[in-house]
Visitor: 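Please find one structure pasted underneath; my questions will follow.
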Amino acid sequence: MSDDNKHILMETGTFIHSAIQEDLKGRLNALHTRFPPEPGGFLHIGNAKAVYINFELAKIYGGTYNLRMDDTNPAIEKAEFVQAIQDDIRWLGYDLDGRLFFASNYFDKLYECAVTLIKKGLAFVCDLTAEEMRASFGGIDKAGTDSPYRNRSIEENLDLFTRMKNGEFPDGAKTLRAKLDMASPNMNMRDPVMYRITRQTHSNTGDKWCIYPMYDFAHPLQDAIEGITHSLCSIEFEEHRPIYEWYISHLDFPIKPRQIEFAKMSISNTIMGKRHIRALIAEGKYDGWDDPRLVTLSGMRRRGYLPASIREFLGNTGVSKALSRVDFGMLEYFVREHLAPVSKVVMAVLNPLKVIIENYPEGEVEMLTLPFHGDNEALGCREVPFSREIYIEREDFMETPGKKFFRLAPGKEVRLKGAYYVTCTGIVKDTAGNIVEVRCTYDPETKSGSGVELRKVKGTLHWVSAKHAVPIKAMLYDMAVLDAPDAPDGIIDNPDSLIVMPNALGEPCLADATMDDRFQFMRNGYFCLDNKHEGLVFNRTVSLKSSYKKS
RNA sequence: UGGGCUGUCGCCAAGCGGUAAGGCACAGGACUUUGACUCCUGCACUCGAAGGUUCAAAUCCUUCCAGCUCAGCCA
């Protein structure tokens with residue numbers, strides 16, 4: 001992370017900073033944070049924000065951070081996600097050596113804590129069925145009613161809980177509940193379930209357990225066990241803070257973690273809901289969780305985003321408690337900013353239109369040596385062949401142009417990047433009236449780099465030599481969804497979120513592209529090789545900004 | 001409608017009683033062998049609303065309005 005970026009995180013989220021600074025002055029001498037994903041899916045940029053806040057804050061205050069797999073529900077969690085989450089976080093730029101933990105490793109301790117609470121008379125075994133319990137919870141504006149099992153003796157609770165653990169009761173037959181207040185206006189405080197019986201094979205503990213702890217009980221204790229000082233989480237857990245503190249306060253831990261909440265971040269024109277994404281993948285609209293239109297970390301990686309861009313974006317969007325929906329354009333700004341200095345600028349024609357340079361000798365080929373980057377000399381140069389037949393971008397030619405069009409048109413002169421000035425002398429159409437070929441003449445005096453500039457031309461076009469060009473396929477991505485005030489969700493899927501250009505042509509050096517290369521296809525945007533396809537399939541990471549207005 | 005939280009420019013976001021930072025977007029202009037980059041310039045007499053306290057309020061008080069959120073043996 002750059003110093004600038006660190007500065008920004010220091011300037012925002014002041015409610016967190018002041019809490020940390022206050023604690024560091026008093027009860028604590030080091031900051032310890034954690035990111036606790038449930039390994040039940042892929043991480044997206046919203047999750048990355050939580051990673052960023054927890055990990056960067058630890059770094060800023062010279063503390064440390066943990067990655068903890070919150071695997072307390074074996075019905076959902078899968079080993080493949082455990083790996084994917086680590087891979088994504090490492091790719092984002094965080095060292096995980098010695099920092100990976102599993103909630104399931106604390107199951108014994110958690111069990112002991114539960115026993116302690118029973119012994120203190122603060123927890124009881126409840127025989128209510130799920131339906132009965134739901135009914136007894138009351139409602140949002142109606143108090144709940146006490147469970148008839150609430151006043152069992154400590155001995156009976158101890159015995160029953162032991163037998164729950166030993167598998168003497170069927171799934172769902174009993175629960176262990178905390179004894180709080182069924183009339184609390186905070187629903188989380190209405191005698192919450194601590195343990196449920198569910199026979200599931202756990203990816204870590206196998207069949208050792210048939211009872212599993214609930215989040216509200218497990219989470220504060222996991223934090224306390226790991227010595228977490230500040231448990232930074234998203235705002236929907238704000239109302240869980242009382243229960244978080246309640247469990248901690250009745251157990252004996254050297255460090256009492258403090259939970260602080262911040263607002264979740266979402267981004268415009270994209271989807272982050274797991275069920276929505278899952279449905280679209282099932283429909284075949286998306287190519288999996290790493291579809292480049294998705295803001296999953298794997299999708300953004302595949303699309304070509306650099307991790308530094310994501311980190312800087314995350315830092316610049318700040319930390320607050322107000323719900324935010326950041327403009328997608330802001331993400332793209334940081335993507336471009338990091339790509340610009342490291343990308344090799346090359347020429348590729350996405351939608352080719354043939355141009356014949358009539359006065360250029362047939363069979364002749366000139367090799368032009370062009371730098372890969374205007375400012376970054378470290379990127380070196382490559383050879384670009386120029387010949388009589390070339391291709392230009394179809395939209396760079398217009399038969400009857402408007403006044404502001406300064407590309408190629410009948411009688412107009414433009415510069416071919418790195419080569420010569422050419423003037424359009426005619427066009428060839430097929431029987432349907434489509435332009436299939438443009439005829440030009442070139443001016444040998446105007447060769448690029450010769451130093452002579454006889455006259456100014458406004459347009460500079462990219463091009464490829466017809467005989468030497470390599471066929472490539474270009475995948476053009478755009479916003480996943482569009483705002484649609486009349487639609488049920490206020491959004492509709494963008495029908496043009498992926499446009500495939502199957503007949504694109506690139507200059508010869510593209511044949512040697514590797515996965516590590518970043519390119520700017522001149523005037524077309526930033527591209528990289530797709531990691532899922534063989535051959536020269538390029539993903540457009542992000543377009544170039546443009547002030548060109550048609551018509 | 002009970003509880004909790006939030007409301008500062010189109011979008012993020014500083015500000016914490018002394019007279020509205022910054023970034024993105026947008027709009028002009030300069031430069032340009034990418035209509036890119038870069039560089040200038042502009043962009044909230046006003047802080048959800050209304051009252052009040054004060055010499056002074058986005059900041060304090062009161063009321064109101066709007067949005068989000070909570071009734072899994074999910075996390």
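What you are looking at is a predicted structure, and each value in this text was computed from that prediction instead of being measured. Just so it is clear: chains get the letters A, B, ... in the order the sequence lines come, proteins before strands, and each one is counted from 1.
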Visitor: Give one of base, sugar-phosphate or nothing for A:P213, where a contact means two heavy atoms less than 4.0 Å apart.
Guide: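 If one applies the 4.0 Å heavy-atom cut-off, A:P213 turns out to touch the sugar-phosphate alone, with no base involved.
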
Visitor: With C1' as the reference atom in both, quote the distance from B:rC47 to B:rC9 in angstrom, rounded to an integer.
Guide: 10 Å

Visitor: Which nucleotide, in any strand shown, forms a Watson-Crick or G-U wobble pair with B:rA13, with both distances under 3.5 Å?
Guide: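 Base partner found: none.
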
Visitor: How would you label the contact of A:D70 with the nucleic acid (heavy atoms, under 4.0 Å): base, sugar-phosphate, or nothing?
Guide: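 Touches sugar-phosphate only.
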
Visitor: Side chains of A:M265 and A:F313: does their closest heavy-atom pair fall under 4.5 Å?
Guide: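 Touching, per the 4.5 Å side-chain cut-off.
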
Visitor: When rounded to the nearest Å, what value does the distance between P atoms of B:rC43 and B:rA36 take?
Guide: 23 Å

Visitor: If the C1' atom of B:rG52 is compared with that of B:rC12, how far apart are they to the nearest Å?
Guide: 33 Å

Visitor: In whole Å, what separates the P atom of B:rA44 from that of B:rA21?
Guide: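 Between the two P atoms, the distance is 10 Å.
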
Visitor: Please report the distance separating the C1' of B:rG48 from the corresponding atom of B:rG67, rounded so that it comes out in whole Å.
Guide: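 Each nucleotide's C1' atom is 10 Å from the other's.
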
Visitor: Determine the contact category for A:S547: base if any of its heavy atoms lies under 4.0 Å from a base atom, sugar-phosphate if only primed atoms, P, OP1 or OP2 are that close, otherwise nothing.
Guide: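 Contact class for A:S547: sugar-phosphate only.
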
Visitor: Is the centre of the A:Y149 ring less than 6.0 Å from the centre of the A:F124 ring?
Guide: no

Visitor: Just to be sure I understand the rule, does A:F406 reach a base, reach only the sugar-phosphate, or reach nothing, if contact means heavy atoms closer than 4.0 Å?
Guide: base

Visitor: Under a 3.5 Å cut-off for both distances, is B:rA56 Watson-Crick or wobble paired, and to whom?
Guide: none

Visitor: At 4.0 Å (heavy atoms only), tell me whether A:R336 reaches a base, stays on the sugar-phosphate, or touches nothing.
Guide: nothing

Visitor: Taking only the P atom of each, what is the distance from B:rG42 to B:rC24 in whole angstrom?
Guide: 16 Å

Visitor: Return the pairing partner of B:rA50 with a 3.5 Å limit on both distances, Watson-Crick or G-U wobble; otherwise return none.
Guide: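 WC or wobble partner is B:rU62.
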
Visitor: So A:G139, base contact, sugar-phosphate only, or nothing? Heavy-atom distance under 4.0 Å.
Guide: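 The residue A:G139 makes base contact.
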
Visitor: Centre-to-centre under 6.0 Å for A:F161 and A:Y111, is that the case here?
Guide: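 Between A:Y111 and A:F161, which both carry aromatic rings, the centre distance is below 6.0 Å.
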
Visitor: At under 4.0 Å between heavy atoms, what does A:S320 touch on the DNA or RNA strands: base, sugar-phosphate, or nothing?
Guide: sugar-phosphate

Visitor: Can B:rC45 be described as syn, meaning its chi torsion is within 90° of 0, or is it anti?
Guide: syn

Visitor: Can you tell me if A:N269 uses its side chain to pair, donor with acceptor, with the backbone of A:V481 under 3.5 Å?
Guide: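 The answer is yes, because a donor-acceptor pair under 3.5 Å joins these two groups.
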
Visitor: Measure the shortest side-chain to side-chain distance between A:L505 and A:W463 over non-hydrogen atoms and say whether it is less than 4.5 angstrom.
Guide: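 When only atoms from C-beta onward are counted, A:W463 and A:L505 do not touch, as no gap falls below 4.5 Å.
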
Visitor: Which base sits across from B:rU19 as a Watson-Crick or G-U pair, both distances under 3.5 Å?
Guide: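 Its partner is none (no Watson-Crick or G-U wobble pair with both distances under 3.5 Å).
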
Visitor: Count the heavy atoms belonging to other residues, nucleotides or ligands that lie under 6.0 Å from NZ of A:K142, then report whether that count exceeds 12.
Guide: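 Counting other residues, nucleotides and ligands, NZ of A:K142 stays at 12 neighbours or fewer.
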
Visitor: Using a 90° cut-off around 0 for syn, call B:rG72 syn or anti.
Guide: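 With its glycosidic angle within 90° of zero, B:rG72 counts as syn.
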
Visitor: Identify the nucleotide, in any strand shown, that forms a Watson-Crick or G-U wobble pair with B:rC39, with both distances under 3.5 Å; if there is none, say none.
Guide: B:rG29

Visitor: Are the charged groups of A:R34 and A:D70 less than 4.0 angstrom apart, N to O?
Guide: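 Salt bridge between A:R34 and A:D70, a charged N being under 4.0 Å from a carboxylate O: no.
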
Visitor: Between A:V345 and A:S324, who's closer to the 5' end of RNA chain B by nearest nucleotide?
Guide: A:S324

Visitor: Report the base-pairing partner of B:rC68 (Watson-Crick or G-U wobble, both distances below 3.5 angstrom), or none.
Guide: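 For B:rC68, the partner nucleotide comes out as B:rG4, under the 3.5 Å rule.
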
Visitor: Report the residues that fulfil salt bridge (Lys or Arg N to Asp or Glu O under 4.0 Å) with A:E239, sequence neighbours left out, ordered by chain and then residue number.
Guide: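 A:E239: no salt bridge (Lys or Arg N to Asp or Glu O under 4.0 Å) contacts found.
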
Visitor: When the C1' atoms of B:rU46 and B:rG7 are compared, how many Å lie between them, rounded to an integer?
Guide: 15 Å

Visitor: Heavy atoms only, 4.0 Å cut-off, all strands: where does A:T72 land among base, sugar-phosphate and nothing?
Guide: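 Sugar-phosphate contact only - A:T72 comes under 4.0 Å of backbone atoms but never of a base.
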
Visitor: Judged by each residue's nearest nucleotide on RNA chain B, which is more toward the 5′ side, A:K321 or A:E131?
Guide: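 Result: A:K321.
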
Visitor: Could you please spell out the steps behind the salt bridge (Lys or Arg N to Asp or Glu O under 4.0 Å) verdict for A:R523 and A:E393?
Guide: CA-CA 10 Å; A:R523 305 205 298 139; A:E393 210 68 67; over 6 Å; no

Visitor: For A:K545, answer base if it contacts any base atom (sugar-phosphate contacts may also be present), sugar-phosphate if it contacts only those atoms, and nothing otherwise; contact means non-hydrogen atoms under 4.0 Å.
Guide: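 Here A:K545 touches the backbone only, sparing every base.
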
Visitor: Contact class for A:T14 vs. all strands (heavy atom < 4.0 Å): base, sugar-phosphate, or nothing?
Guide: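 Touches a base.
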
Visitor: Taking all non-hydrogen atoms of both residues into account, name the closest pair between A:W246 and A:K179 and its distance.
Guide: CZ2-O, 4.0 Å

Visitor: Which is true for A:R177 with a 4.0 Å heavy-atom rule: it touches a base, it touches only sugar-phosphate, or it touches nothing?
Guide: nothing

Visitor: Students often get this wrong, so: under 4.0 angstrom with heavy atoms, is A:H240 touching a base, only sugar-phosphate, or nothing?
Guide: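 The residue A:H240 makes base contact.
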
Visitor: Taking atom P in both B:rU19 and B:rU62, compute the distance separating them and give it to the nearest angstrom.
Guide: 26 Å

Visitor: Walk along RNA chain B from 5' to 3' and tell me the first and last nucleotide with an atom closer than 4.0 Å to a non-hydrogen atom of chain A.
Guide: B:rU1 to B:rA75

Visitor: Just checking A:F237: base, sugar-phosphate only, or nothing, at a heavy-atom cut-off of under 4.0 Å?
Guide: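 Since a base atom lies under 4.0 Å of A:F237, the category is base.
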
Visitor: Heavy atoms only, 4.0 Å cut-off, all strands: where does A:G13 land among base, sugar-phosphate and nothing?
Guide: sugar-phosphate

